[in-house]
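By convention here, the first residue in the shown sequence is residue 1. Ligands are counted one by one from 1 in listed order, and the atoms in each one are counted from 1 as well.
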Amino acid sequence: MNSDPNAALHDQLAAAAALQHAGQQPTWPDASALGSAVAELAAYPPLVFAGECDVLRTRMAAAARGEAFVLMGGDCAETFESATANNIRERIKTILQMAAVLTYGASVPVVKVGRMAGQYAKPRSADTETRDGLTLPAYRGDMVNDFAFDAAARVPDPHRLVSAYHRSSATLNLVRAFTMGGFADLRHVHDWNKGFVASAANARYERLAHDIDKAMKFMAACGADFDAMRTTEFFSAHEALLLDYERPLTRIDSRTGNPYVTSAHFVWVGERTRELDGAHVDFLARVRNPIGVKVSAKAEPDDVVRLVERLDPSREPGRLAVITRMGAGRVADALPPIVERVRDAGASVTWICDPMHGNTFESSGGYKTRDFDDIVAEVRGFFDVHRALGTVPGGLHVELTGNDVTECVGGTHKVLDADLATRYETVCDPRLNHRQSLELAFLAAEMLAADVTA
Ligand code: PEP
Ligand code: CO
């Protein structure tokens, strides 16, 4: 038995790991390099503090009761190269703009969570990729290998685990500076949103923007100038996919003696790795963070209940979010039985809609894309299902960027099939661009406002 509590915890996690199947892990060719990388991570400071994770748990609990609304957003896959000040700033700006609109629509606080500062590992449908007769290991995210289709670049390199930690640390540092240092001032955010609706194409959102403007002027006239207008809480999240990264970043909280994964405030297990007796679910069951599980239309309602039993046996408010990604065409039939079974099992999970992952298709030009209208339709379907069942729609989980990319088709500033080639920059799934993200926020805010006044 190791007397250092963290070393003892890591021994325990390693022992458990030896007994379980872990899907979607790379085959590291160099075991000793992996050992050094893991040891290095285990010695680094945590990226987040356990107390912050506890705060997020209370925020998630509020969202489960309808007293807050969660907005999670960011890249499908962050890359080392794209972790620049400009990109991070534009993404934060987009999330803050969306959150301001949603706050008004829902009349409750919006809990802002970035799918960032650690979203560097991806599950893949195949272990290899073949192009023009050449077969190489699949790209598994910058934490594992390089996107370039080149034999050397695709070799999994454990040193990338350490690089991912440093990029995440730098990203989170800037996020904290932006959200606490004045950039997030609600008055600036509101001015940015006025710029968005000023364009003729967005005239249909003017009414909502006008109402928000009146509320802002009312607050200003009252002399309202409080901290919550100048700064905002902001949390980090990613899929806890690569266990060689997550396990060494797990720590015992010295205040409570409980284990937390300190790579992010919130982590989730993906649709492809949520096996009930697999390593990912076991890992999440052992940490105290607020956590999520992604669920598609293929999930059996009973399996979802089993996951809830395993991940939230004590039915702790805010502990577990179920992130549903049914597809626009399936949400109306596939979501209700899942929500009903979970509700009837006495669980009060936070229901979050991911309108992205059930709506991906290949464009005629061969790009992986999503149609803005399908994304909106799934969000609408999600709200409809929860309204019909009397359960609470707790939030949205969106793949987005603050940049003007052309990856998803549609939106008022219509991105056409033929435009996809112009700025298709994602290394994994297609993201909403800045305008499409704001438009989604306005539409979702209208849906939420209809519920508030109903
Ligand atoms: C993702 O969020 O990028 C992802 C892979 O999602 P899912 O697990 O829902 O397929
Ligand atoms: Co994705």
Side-chain angles (χ1 to χ4, degrees), residues 22-26 70-79 82 91 113-127 138-144 147 236-243 246 263-264 266-276 278-281 283-284 291-299 303-304 307 311 320-328 330-331 334-335 338 351-362 367-371 374-375 378-379 382 395-401 405 407-408 424-433 436-437 440:
Q24 297 285 344
Q25 305 303 292
V70 179
L71 174 63
M72 280 189 194
D75 291 329
C76 178
E78 292 179 279
T79 64
S82 69
R91 222 174 315 146
V113 187
R115 210 186 130 108
M116 57 200 293
Q119 180 56 28
Y120 285 111
K122 296 309 300 172
R124 304 317 306 243
S125 47
D127 282 340
Y139 171 63
R140 289 190 171 276
D142 271 19
M143 198 185 271
V144 176
F147 184 63
S236 64
H238 62 260
E239 178 175 350
L241 181 69
L242 216 68
L243 297 169
E246 307 299 339
S263 61
F266 177 97
V267 289
W268 73 86
V269 59
E271 162 73 7
R272 294 177 212 208
T273 49
R274 58 170 173 73
E275 304 131 77
L276 199 56
H280 293 85
V281 167
F283 176 71
L284 288 198
I291 56 170
V293 57
K294 292 271 211 110
V295 169
S296 79
K298 284 188 259 167
D303 284 341
V304 181
L307 281 165
L311 294 170
L320 181 63
V322 178
I323 307 170
T324 58
R325 27 88 92 222
M326 304 281 117
R330 294 296 315 275
V331 62
L335 185 55
I338 293 174
W351 294 104
I352 295 182
C353 171
D354 164 357
M356 312 300 292
H357 289 88
N359 294 307
T360 316
F361 64 94
E362 194 172 308
Y367 289 95
K368 203 190 209 192
T369 191
R370 291 162 175 155
D371 189 325
D374 292 338
I375 292 167
E378 177 152 1
V379 173
F382 170 80
L396 293 179
H397 179 115
V398 188
E399 288 184 342
L400 59 80
T401 162
V405 301
E407 297 171 5
C408 292
Y424 194 92
E425 297 176 4
T426 181
V427 294
C428 197
D429 292 338
R431 303 159 294 178
L432 294 177
N433 64 25
Q436 290 167 328
S437 303
L440 178 64

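The atom name of the N/O/S atom in E399 closest to the Co ion (ligand 2) is OE2. The name of the N, O or S atom in D429 nearest to the Co ion (ligand 2) is OD2.
Residues T426 and V405 have side chains not in contact (no heavy-atom distance under 4.5 Å, counting atoms from C-beta outward).
A side-chain donor from one of Q24 and R140 sits under 3.5 Å from a side-chain acceptor of the other.
Ion pairing between K122 and D429 fails under the 4.0 Å rule for side-chain N and carboxylate O. The pair R91-D75 meets the salt-bridge criterion, since a charged nitrogen lies less than 4.0 angstrom from a carboxylate oxygen.
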Write out each pair where an N or O from ligand 1 and one from the protein are under 3.5 Å apart, with the distance.
residue, atom, partner, partner atom, Å
ligand 1, 2 (O), R115, NH1, 2.9
ligand 1, 2 (O), R115, NH2, 3.2
ligand 1, 2 (O), K294, NZ, 2.8
ligand 1, 2 (O), H357, NE2, 3.4
ligand 1, 3 (O), R115, NH2, 2.8
ligand 1, 3 (O), K122, NZ, 2.7
ligand 1, 3 (O), H357, NE2, 2.9
ligand 1, 3 (O), E399, OE2, 3.1
ligand 1, 6 (O), K294, NZ, 2.9
ligand 1, 8 (O), E271, N, 2.9
ligand 1, 9 (O), K294, NZ, 2.9
ligand 1, 9 (O), R325, NE, 2.7
ligand 1, 10 (O), R325, NH2, 2.8

Going through the distances and angles, do H397 and R325 end up as a side chain to side chain contact (heavy atoms under 4.5 Å, CB included)? CA-CA 9 Å; H397 179 115; R325 27 88 92 222; over 6 Å; no
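In terms of heavy atoms, V144 sits closest to P26 at CG1-CB, 3.6 Å.
Distances from the Co ion (ligand 2) show that H357 has an N/O/S atom below 2.8 Å.
Distance CD1/I375 to SG/C353: 10.0 Å, rounded to 0.5 Å.
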